[in-house]
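Accompanying notes for the structure given below.
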Amino acid sequence: MSTLFDLPQHGSLQSAGNGSAGRSGPDPEALLNGLNPQQRDAVVHTGSPLLVVAGAGSGKTRVLTHRIAYLLAGGVHAGQIMAITFTNKAAAEMKERVVDLVGRRANAMWVSTFHSMCVRVLRREAKTLGLSSNFSIYDADDSRRLITMVARELDLDSKRYPARTLAVHISNLKNELLTPEDAAEQAGNDMERKVAQVYAAYQRRLVDSNAMDFDDLIMRTVQLLQGHPAVAEHYRRRFRHVLVDEYQDTNHAQYVLVRELVGTEATDTGVEPAELCVVGDADQSIYAFRGATIRNIEEFERDYPQARTILLEQNYRSTQTILSAANAVIRRNPNRRDKRLWSDAGDGEPIVGYVGDNEHDEAAFVAGEIDRLVDEGIATFNDIAVFYRTNNQSRVFEEVFIRLGLPYRVVGGVRFYERREVRDALAYLRVLDNPEDTVSLRRILNVPRRGIGDRAESVVAAHAEQERISFAAALRKAAAGEVPLPTRSRNAIAGFVALLDELQAVAAESDVAEVLEAVLERTGYRAELEASDDPQDATRVENLTELVTVAREFTETRAGAAPTTTDSGVDPSAESVVAAVLPAGADDEDAADLPADDSLSAFLERVSLVADADSLPESGDGVVTLMTLHTAKGLEFPVVFCTGWEDGVFPHLRALGEPAELAEERRLAYVGITRARQRLYVSRALMRSAWGQPMTNPASRFLTEIPEELMHWRRIEPERAAPQVRSTWGTRGGFDRTGADSAQAGLAARGMRSTGRKGWKDTVAIKLSAGDRVTHDKYGLGTVLSTEGEGPRATATIDFGSSGTVRLMLIGSVPITKL
DNA sequence: GATTTTCTACTTTTT
DNA sequence: GTAGAAAATC
């Protein structure tokens with residue numbers, strides 16, 4: 001069914017690749033075949049910095065890979081090229097495609113994620129920075145644990161200063177390249193002062209543990225380059241071409257890193273700035289919440305005054321109908337550079353809309369429609385994807401799909417490497433690899449239970465602090481009886497220390513899989529799970545077995561004479577987890593810098609940096625793909641179902657009052673719409689249970705932003721608005737009342753609900769102020785714009801989004817709940 | 001120190 | 001509805 005979209009673009013890629021992959025290198029001109037004029041410009045541009053603004057489906061990857069191939073064909077050595085992506089998958093794909101175009105010599109390029117690239121540099125330059133090259137890499141969970149410990153030691157109220165919040169703040173500071181001292185200096189309120197305090201202690205503890213978190217990897221590389229001109233010059237001399245993908249997702253630290261790598265002017269020794277090419281689309285920036293700043297792409301021309309900008313607006317993916325919808329939605333975002341995607345693929349099918357009574361009805365519609373499309377031969381299961389805003393929305397679909405026997409696969413959710421058992425097992429390995437890794441050590445201290453409780457742990461921790469020794473050292477002293485502890489605790493600790501020594505001995509002479517096996521056996525971890533009658537524990541055992549397989553594959557691949565490509569020797573049917581962990585392109589000239597002789601370190605680094613192991617199903621599995629909108633970025637499907645388009649669900653509740661967040665949600669809608677090639681469905685539900693309670697949600701404002709003429713409504717909201725509901729909550733019918741009347745109606749509804757929850761009196765009066773978010777039994781979700789008057793005369797003007805802006809009296813019992 | 005119970009707070013998440 | 005943490009109890 002994809003014939004409609006088999007445009008010349010796709011064919012020519014193949015021919016350029018196959019025709020020119022010979023040893024002598026491809027003919028540069030052949031690489032331009034089948035490119036449109038803008039793409040061609042981007043490929044051949046030389047000299048000044050280049051920004052390629054690549055709309056969805058405009059052939060961004062083609063431009064990048066062809067540009068690299070073109071450079072290579074023009075005499076640039078592969079070793080002079082650095083290409084940076086955000087995911088390992090994107091890196092592997094890019095390398096593979098360049099290899100297809102120019103052959104194996106492309107393997108000498110550095111194509112990696114920001115983080116891998118930094119690890120590589122940091123390990124190599126460890127001496128310069130005075131750190132040990134076998135540092136551990138802490139992920140978000142490790143770093144949150146460490147922050148919890150630090151906050152507890154500082155006696156912070158864990159309610160007022162939750163570890164999560166502290167972690168976010170510290171991460172933001174690092175993304176802005178601010179040190180603990182900077183943070184302390186500019187702290188303006190209580191939270192910021194505490195954050196600065198925690199940050200300082202946390203950073204000290206990281207260093208003590210010989211560890212870096214993800215943000216450190218970037219920040220410390222920047223510090224390295226800025227603080228050591230000779231090092232910076234070395235890399236600048238070496239990498240003459242730097243390419244950055246998904247530039248809209250870079251944060252400030254990454255932006256500075258790129259600038260330092262490339263250089264802005266010639267060095268004293270005459271090294272000119274490298275050539276920079278960044279590719280991205282501000283409209284697809286959906287990671288601001290992780291620190292990405294759209295500013296970097298918007299201000300590129302200011303950052304690099306010589307820059308040339310090329311716009312790619314021709315889309316090779318979707319029908320014009322789909323693109324028109326995407327354009328119409330994204331146009332509502334303020335302050336954006338206007339960009340209009342167009343296609344010559346024709347209008348295609350209208351966008352199908354559906355309004356379900358509830359989420360089950362919505363899911364049933366989606367399932368039924370999928371069934372029909374496949375039945376009628378319009379699509380295969382593979383062609384179809386279902387998107388939702390949050391992971392928990394997948395459940396309804398799974399239920400219906402199972403009931404109807406539709407094959408599906410949920411992408412994302414709890415990832416393999418985030419599972420408790422996997423992390424526990426890896427923590428053991430990490431302690432064996434880096435005994436100073438306090439977070440991992442404390443994680444496994446009493447896992448499985450061995451009689452070392454909180455009490456004993458804090459005594460040891462306090463002792464470590466007092467004596468200014470590491471936790472590991474204090475633990476050994478405790479085992480030797482040099483720390484005041486009950487005998488029982490002391491014995492337990494002694495047993496644990498002996499166990500670690502024993503495992504250490506195994507680690508010294510075995511490969512990773514064997515060490516892992518020894519850990520699972522000798523700690524009794526596996527035995528405990530096997531003895532359990534909790535069905536979840538059976539899955540845990542399976543996951544651990546899977547982890548052993550991953551380790552074994554890893555060792556085998558490394559042992560086999562220098563693998564040449566990412567996919568060599570990998571059973572295509574093997575779990576994606578395995579594939580993701582295998583060493584990628586280990587045959588470049590720098591392989592010697594890597595911890596090649598130490599398979600444990602190498603394995604741990606791999607699993608830390610390749611956490612997106614549950615990667616996407618390869619096509620051909622014959623399943624429908626279910627995923628969040630975020631996960632969908634970068635993918636495409638012939639048929640796409642965008643579900644849950646309700647204010648409060650999508651856009652998410654938390655974004656309703658914040659213009660910046662709302663804009664990001666809208667970009668998410670844009671991403672979702674533009675994933676579809678031929679058919680797009682958009683649906684919502686009138687009622688949906690959230691947090692155990694049924695909620696009525698108004699239509700998503702994004703839904704109303706799609707021009708009516710592009711839509712074909714399969715089912716719309718019934719005339720009488722909200723349907724009769726027998727539950728103890730909700731409105732009774734959609735009568736068009738005045739504010740006062742609706743307050744009366746709400747009284748009844750509210751009363752019934754309230755008795756069940758917090759009692760009647762609570763609901764009689766409500767205090768609101770501008771910015772508050774509320775739900776109204778009739779109007780749904782809204783944001784308070786302003787309040788007027790006091791006491792019984794108080795009123796509030798509330799923006800209910802698509803339900804309009806309403807002024808309500810706040811007397812008696814308005815059917816309003818403050819969120 | 002372990003186990004059970006209660007409470008609470010809920011995005012998205014490339015590394 | 002549920003997972004993770006804190007508090008209460010054994």
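Numbered from 1 within each chain, the chains take letters A, B, ... in sequence-line order.
Base pairing of dT13(B) is not made with any nucleotide, judged by Watson-Crick or G-U wobble geometry with both donor-acceptor distances under 3.5 Å.
Listed nucleotides dT14(B), dT15(B), dA6(C) differ in distance to Arg152(A); the shortest reach to its side chain belongs to dA6(C). When the nucleotides dT11(B), dT13(B), dT15(B) are ranked by their closest atom to the side chain of Thr113(A), dT15(B) comes out on top. For Arg415(A), counting side-chain heavy atoms from C-beta on, the closest listed nucleotide (dT12(B), dA9(B), dT14(B)) is dT14(B). Nearest nucleotide to the side chain of Arg449(A), out of dT3(B), dT15(B), dA5(C): dT3(B). Side-chain proximity of Phe214(A) to dC10(B), dT13(B), dT15(B): nearest is dT15(B). Proximity note for Thr631(A) (side chain, C-beta onward) versus dT13(B), dG1(B), dT2(C): the nearest is dT13(B).
Across all strands shown, Ala655(A) has no heavy atoms under 4.0 Å from either base or sugar-phosphate atoms. Among the atoms of the strands shown, none is found under 4.0 Å from any heavy atom of Ser689(A). Within the 4.0 angstrom heavy-atom criterion, no nucleotide atom of any strand lies near Gln393(A). Residue Asn446(A) is in sugar-phosphate contact alone, with no base atom involved, counting any heavy-atom pair closer than 4.0 Å across all strands shown.
Phe86(A) does not qualify as a stacking partner of the dT15(B) base, lacking a centre-to-centre distance under 5.5 Å together with planes within 30°. Ring stacking is absent between His115(A) and dT15(B), as the pair misses the limits of under 5.5 Å between centres and under 30 degrees between planes. Centre separation under 5.5 Å together with a plane angle under 30° holds for the ring of Trp691(A) and the six-membered base ring of dC10(B), marking them as stacked.
At a cut-off of 3.5 angstrom, counting only N and O atoms as typed in the model, there is a donor on one side and an acceptor on the other between the side-chain of Arg290(A) and the base of dT15(B). A donor and an acceptor atom sit less than 3.5 Å apart, one in the side chain of Arg389(A) and one in the base of dT11(B).
Considering only side-chain N and O atoms, Asn392(A) lies nowhere under 4.0 angstrom from the phosphate OP1 or OP2 of dT11(B). Side-chain N/O atoms of Ser608(A) include none lying less than 4.0 angstrom from OP1 or OP2 on dT15(B). For dT12(B), one of the phosphate oxygens OP1 or OP2 lies less than 4.0 angstrom from a side-chain nitrogen or oxygen of Asn391(A).
A cation-pi arrangement is absent between Arg450(A) and Phe496(A), since the terminal nitrogen or guanidinium carbon is not both under 6.0 Å from the aromatic centre and inside a 45° cone about the axis.
Atom OG1 of Thr643(A) sits about 5.5 Å away from atom CD of Gln393(A), to the nearest 0.5 Å.
Formation of a donor-acceptor pair under 3.5 Å by the Ser700(A) side chain with backbone atoms of Phe650(A) is found in this model.
For Leu629(A) and dT14(B), the CG to P distance is 14 Å, given to the nearest whole Å.
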